[in-house]
Participant: 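Here you go, one structure.
A, B, ... follow the sequence lines: proteins, then strands. Residue 1 opens every chain. None of these values were measured; they are calculated from a predicted model.
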Amino acid sequence: MRWSKTFIPTLKEVPADAEILSHQLLLRAGLVRKLTGGLYTFLPMGLRALTKVANIIREEMDRAGAIETSMPLLQPVDIWQASGRYEAMRDALYKVKDRAQKEWALCPTAEEVITTLVANELSSYKQFPKNFYQVGTKFRDEIRPRFGLMRAKEFLMKDAYSFDTTDEGAMASYRKMYDAYSRIFARCGLRAFAVEADTGIIGGNYSHEFMIPAETGENDVVYCEACNYAANIEKATSGLPQTAARELGAAPEKFATPGVVTIEALSKEPYKVPANRQIKTLIYIADSQPVIVLVRGDDQLNEAKFMAKTGAIESRPVTPEEIVALLGAKPGSLGAVVNVPATVKVLADERLRGANDMTTGANEDGFHFRCVSMERDIKVTAWFDLRTVKVGEPCAKCGKPLKIRRAIEVGHVFKLGTKYSVPLNATFLDEAGQRSPLVMGCYGIGVTRTLQAVIEQCFDKDGIVWPVSVAPYQVCITPLIVAPESEAMKLAEKLYTELTAAGLEVILDDRDERPGVKFKDSELVGFPIRVGLGEKSLAKGEVEIKPRNSAIQSVKIEDAAATVIAWVKAEQAKLG
RNA sequence: CGGGACGUGGCUCAGCCUGGUAGAGCGCUUGGUUUGGGACCAAGAUGUCGCAGGUUCAAAUCCUGUCGUCCCGACCA
């Protein structure tokens with residue numbers, strides 16, 4: 001490809017509405033342009049890089065035994081209603097109406113479609129296991145698109161769905177995808193790691209997310225360097241001891257706390273009740289039902305855990321007005337000792353189990369109880385792990401201090417079980433003629449997001465530094481004189497032909513620009529290796545070879561092609 | 001949806017407080033000089049100052065509303 005014939009609108013200045021570095025580089029290197037919030041046009045360089053990522057994924061999916069398909073983007077809503085996700089997806093599901101006012105959904109993911117296919121077409125145990133995948137556009141009505149391609153309304157995703165006849169089979173399918181994912185991200189030049197994850201509305205009971213460490217990520221990951229434990233903070237647990245038991249008074253004792261409405265205020269003079277001896281009482285509305293949640297005063301409720309444990313599809317904190325109506329007191333004086341309506345569930349964090357001599361609100365403005373025992377004085381409906389892990393807490397597996405870092409989620413694997421196969425009737429007949437639901441798994445990779453994650457991880461002060469596996473072109477030939485009969489241009493053409501014939505992807509910068517402009521542009525766009533052809537080096541019978549990630553070297557003209565080919569092959573080998 | 005910021009040529013921004021002829025740099029066009037790290041000189045083109053109302057002799061500037069963008073939170077590949 002000739003630079004002058006393609007379209008690479010590089011930007012010298014940083015666009016005002018791009019905050020994070022990878023988003024700025026995406027725009028500055030001329031990979032994409034925004035149409036409007038969350039919607040981007042892929043320009044030639046961006047599309048080539050995106051296609052590279054998609055093809056790496058395809059190769060690894062095929063290698064893992066998955067088979068490629070393509071499912072409709074426009075889906076009938078009745079299958080969404082059948083799976084129960086029409087409700088669960090809520091506003092994230094884009095809906096459109098046709099001329100008959102019938103409602104359709106724009107594909108955010110395709111469990112319903114593939115399960116319907118399998119239900120209709122496959123019925124014998126002999127036909128399984130099967131794993132169907134596709135690489136296609138997905139739509140989500142994001143509350144807030146941001147960070148360029150990271151969270152967009154429309155994005156490219158690889159989604160795969162496995163069907164097995166047994167739980168062990170499903171586990172094996174899961175493992176295959178897990179391993180394929182590790183290879184995919186490594187081949188993209190990414191340092192990815194897997195963490196235990198919450199399943200959210202996709203469902204199932206076992207799940208890992210693949211994360212790219214990055215300060216601009218939207219996830220907090222808890223990890224242990226000693227034993228490799230790693231989990232999304234929405235799921236992570238630690239090995240903290242339960243609250244120590246103490247001598248306990250005969251009964252809860254009410255005392256006046258005028259104006260005290262925070263844990264912190266109660267921990268100070270004159271009360272001096274440390275936060276770890278207080279019970280924090282939170283009220284949520286989960287699927288329109290009020291629920292009381294108790295965590296220790298120095299702990300933070302983890303809403304993802306709350307959602308997962310209660311199975312709620314929607315929850316929110318109550319309003320102050322609702323609290324007064326429910327418990328008779330304003331926030332700051334709430335507790336679960338007295339005046340709790342019998343219909344309201346009380347969920348307590350495991351860390352409070354056995355705790356006594358605790359202090360909590362009295363459901364009366366300006367009063368608290370002390371000498372409260374969780375077991376004796378509070379009717380707990382259910383105990384769960386509901387707290388958020390904090391940095392430095394001991395690892396539950398090995399006791400070493402846990403760390404927390406930000407990360408970008410690029411992939412997610414789920415063991416779904418029969419969540420979709422049962423309602424959508426995807427069953428098989430076993431050897432005995434018995435009908436059972438298929439055991440499913442689903443596996444997603446955000447392709448566009450992965451592309452941006454590569455940029456987020458591979459850059460320097462001059463621009464993108466593509467791994468050869470993802471680069472739009474592997475080689476950039478830069479003649480400094482472009483007159484057709486010049487020695488530089490003739491040699492450039494010759495090299496172009498040789499390298500292309502050797503199977504490399506090459507761009508020839510034939511623009512009549514000053515050297516500085518061409519060098520800066522090639523570095524900004526980030527081609528892995530550049531061949532510079534100018535009068536100075538040609539006079540010595542040499543060309544200049546500049547890998548993007550290392551120093552410039554002079555090479556004899558006759559060795560140029562071989563050197564470049566060897567370099568690219570070596571880089572490819574490094575990525576596996 | 002809640003909290004914050006911002007909308008002025010293709011891009012980055014100044015001007016607004018204190019109303020009075022719409023600016024700079026980059027980019028673009030033409031000519032010339034340059035030619036190994038984002039050149040220089042000259043001449044040009046490009047704006048309903050987001051939109052709609054209002055105040056005023058006069059609004060980019062003040063007021064009201066509205067739309068859009070970005071940042072923080074809930075959502076997720």
Participant: What is the distance from CZ of A:Phe306 to P of B:rA74, rounded to the nearest Å?
Facilitator: 16 Å

Participant: Which part of the nucleic acid, if any, lies within contact of A:Asp521, taking any heavy atom under 4.0 Å across all strands shown: a base, the sugar-phosphate backbone alone, or nothing?
Facilitator: base

Participant: Quick one: CG on A:Asn302 to CZ on A:Phe384, what's the gap to the nearest 0.5 Å?
Facilitator: 13.5 Å

Participant: Which one is paired to B:rG44, where only Watson-Crick or G-U wobble pairs with both distances under 3.5 angstrom count?
Facilitator: B:rC28

Participant: Could you identify the nucleotide paired to B:rC6, looking across every strand shown and requiring Watson-Crick or G-U wobble geometry with both distances under 3.5 Å?
Facilitator: B:rG68

Participant: Applying side chain to side chain contact (heavy atoms under 4.5 Å, CB included) to A:Asn232 and A:Asp220, what does each step give before you reach the verdict?
Facilitator: CA-CA 6 Å; A:Asn232 192 308; A:Asp220 282 310; 5.8 Å; no

Participant: Decide if atom NZ of A:Lys330 counts as having more than 12 heavy atoms of other residues, nucleotides or ligands within a radius under 6.0 Å.
Facilitator: no

Participant: Counting the atoms with a prime plus P, OP1 and OP2 as sugar-phosphate, which does A:Phe147 contact under 4.0 Å by heavy atoms, base, sugar-phosphate, or nothing?
Facilitator: sugar-phosphate

Participant: Name the residue closer to the 5' end of RNA chain B, choosing between A:Arg511 and A:Pro145 according to the nucleotide with the nearest heavy atom.
Facilitator: A:Arg511

Participant: Looking at B:rA77, B:rC75, B:rG37, which one has an atom nearest to any side-chain atom of A:Glu409?
Facilitator: B:rA77

Participant: Within the structure, does a side-chain N or O atom of A:Arg144 lie under 4.0 Å from either OP1 or OP2 of B:rU69?
Facilitator: no

Participant: Please determine, for B:rU33, whether a Watson-Crick or G-U wobble partner exists with both distances under 3.5 Å, and give it or none.
Facilitator: B:rA39

Participant: Would you mind listing every salt bridge (charged side-chain N to carboxylate O under 4.0 Å, His left out) that reaches into residues 38-54 of chain A, with sequence neighbours excluded?
Facilitator: A:Arg48-A:Glu505, A:Lys52-A:Glu505

Participant: Rounded to whole Å, how long is the line connecting atom CD of A:Gln300 with atom P of B:rG73?
Facilitator: 15 Å

Participant: When both hydrogen-bonding distances must be under 3.5 Å and the geometry is Watson-Crick or G-U wobble, what is B:rC16 paired with, if anything?
Facilitator: none

Participant: If you only use heavy atoms from C-beta on, which nucleotide in B:rC71, B:rA77, B:rG38 is closest to the side chain of A:His412?
Facilitator: B:rA77

Participant: Can you tell me if NZ on A:Lys546 sees more than 12 non-hydrogen neighbours from other groups inside 6.0 Å?
Facilitator: yes

Participant: What distance, rounded to whole Å, do you find between the two P atoms, one in B:rU8 and one in B:rU18?
Facilitator: 23 Å

Participant: Could you state the atom-to-atom distance from CZ of A:Phe139 to P of B:rC76 in whole Å?
Facilitator: 19 Å

Participant: Could A:Lys95 and A:Tyr86 be counted as a cation-pi pair, given that NZ or CZ must be under 6.0 Å from the ring centre and within 45° of the axis?
Facilitator: yes

Participant: Taking OP1 and OP2 of B:rA39, is either one under 4.0 Å from a side-chain nitrogen or oxygen of A:Arg514?
Facilitator: yes

Participant: For A:Trp104 and A:Gln75, run side chain to side chain donor-acceptor pair (under 3.5 Å): C-alpha distance rounded to whole Å, both residues' side-chain angles, the deciding distance at 0.1 Å, then the answer.
Facilitator: CA-CA 6 Å; A:Trp104 301 79; A:Gln75 306 180 352; over 6 Å; no

Participant: Give one of base, sugar-phosphate or nothing for A:Glu303, where a contact means two heavy atoms less than 4.0 Å apart.
Facilitator: nothing

Participant: By the 4.0 Å heavy-atom rule, please label A:Asn219 as base, sugar-phosphate, or nothing.
Facilitator: base

Participant: How many whole angstroms separate atom CZ of A:Arg85 from atom C1' of B:rC76?
Facilitator: 12 Å

Participant: In whole angstrom, give the distance that lies between atom CG of A:Leu149 and atom C1' of B:rC76.
Facilitator: 15 Å

Participant: When rounded to the nearest Å, what value does the distance between C1' atoms of B:rA24 and B:rC49 take?
Facilitator: 16 Å

Participant: In residues 443-460 of chain A, which residues come under 4.0 Å of RNA chain B by heavy atom?
Facilitator: A:Ile445, A:Gly446, A:Arg449

Participant: Please work out whether the ring planes of A:Tyr206 and A:Tyr174 are parallel, tilted or perpendicular, with thresholds of 30° and 60°.
Facilitator: tilted

Participant: Can you tell which of A:Leu508, A:Asp510, A:Leu491 makes a side chain to side chain contact (heavy atoms under 4.5 Å, CB included) with A:Pro479?
Facilitator: A:Leu508

Participant: I'd like the P distance from B:rU56 over to B:rC63, given in whole Å.
Facilitator: 16 Å

Participant: With heavy atoms under 4.0 Å as the rule, sort A:Arg146 into base, sugar-phosphate or nothing.
Facilitator: base

Participant: Tell me whether the rings of A:Phe414 and A:His412 are parallel (<30°), tilted (30 to 60°) or perpendicular (>60°).
Facilitator: parallel

Participant: If you take any heavy atom closer than 4.0 Å to RNA chain B, which residues from residues 9-46 of chain A end up in contact?
Facilitator: A:Lys12, A:Glu13, A:Val14, A:Pro15, A:Ala16, A:Asp17, A:Glu19, A:Lys34, A:Thr36, A:Gly37

Participant: Taking atom P in both B:rC57 and B:rC13, what distance in whole Å separates the two?
Facilitator: 37 Å

Participant: Compute both the distance and the angle, then confirm whether A:Arg405 meets the cation-pi test with A:Tyr223: under 6.0 Å from the six-membered ring centre, within 45 degrees of the axis.
Facilitator: yes

Participant: Rounded to whole Å, how long is the line connecting atom CD of A:Glu535 with atom P of B:rU35?
Facilitator: 10 Å

Participant: Go ahead and name the base partner of B:rU55; Watson-Crick or wobble counts if both distances stay under 3.5 Å, otherwise write none.
Facilitator: none

Participant: How would you label the contact of A:Glu209 with the nucleic acid (heavy atoms, under 4.0 Å): base, sugar-phosphate, or nothing?
Facilitator: nothing

Participant: Can a donor-acceptor pair under 3.5 Å be found between the side-chain atoms of A:Arg140 and the base atoms of B:rC76?
Facilitator: no

Participant: Would you say the base of B:rG37 and the side-chain of A:Arg530 have a donor-acceptor pair closer than 3.5 Å?
Facilitator: yes

Participant: Take the protein atom CG of A:Leu524 and the nucleotide atom C1' of B:rC26, then report the distance between them rounded to whole Å.
Facilitator: 15 Å

Participant: Indicate, yes or no, whether a donor-acceptor pair under 3.5 Å links the base of B:rG38 to the side chain of A:Glu513.
Facilitator: no

Participant: If we count only N and O atoms by modelled type, under 3.5 Å, do the side chains of A:Ser207 and A:Glu196 hold a donor and an acceptor together?
Facilitator: no

Participant: Is the aromatic ring centre of A:Phe155 closer than 5.5 Å to the centre of the six-membered base ring of B:rA77, with the two planes inclined by less than 30°?
Facilitator: yes

Participant: Given the C1' atoms of B:rG19 and B:rA59, what is the spacing between them in whole Å?
Facilitator: 6 Å

Participant: Which part of the nucleic acid, if any, lies within reach of A:Ala152 when heavy atoms closer than 4.0 Å are counted: base, sugar-phosphate only, or nothing?
Facilitator: base

Participant: At 4.0 Å (heavy atoms only), tell me whether A:Val517 reaches a base, stays on the sugar-phosphate, or touches nothing.
Facilitator: base

Participant: Could you check A:Phe414 against A:Leu538 and say which one's nearest nucleotide on RNA chain B is further toward the 5' end?
Facilitator: A:Leu538

Participant: Taking the inter-plane angle between the rings of A:Phe163 and A:Phe132 on a 0 to 90° scale, is it parallel (under 30°), tilted (30 to 60°) or perpendicular (over 60°)?
Facilitator: perpendicular

Participant: Starting from P on B:rC76, measure out to CG on A:Asp220 and report it in whole angstrom.
Facilitator: 15 Å

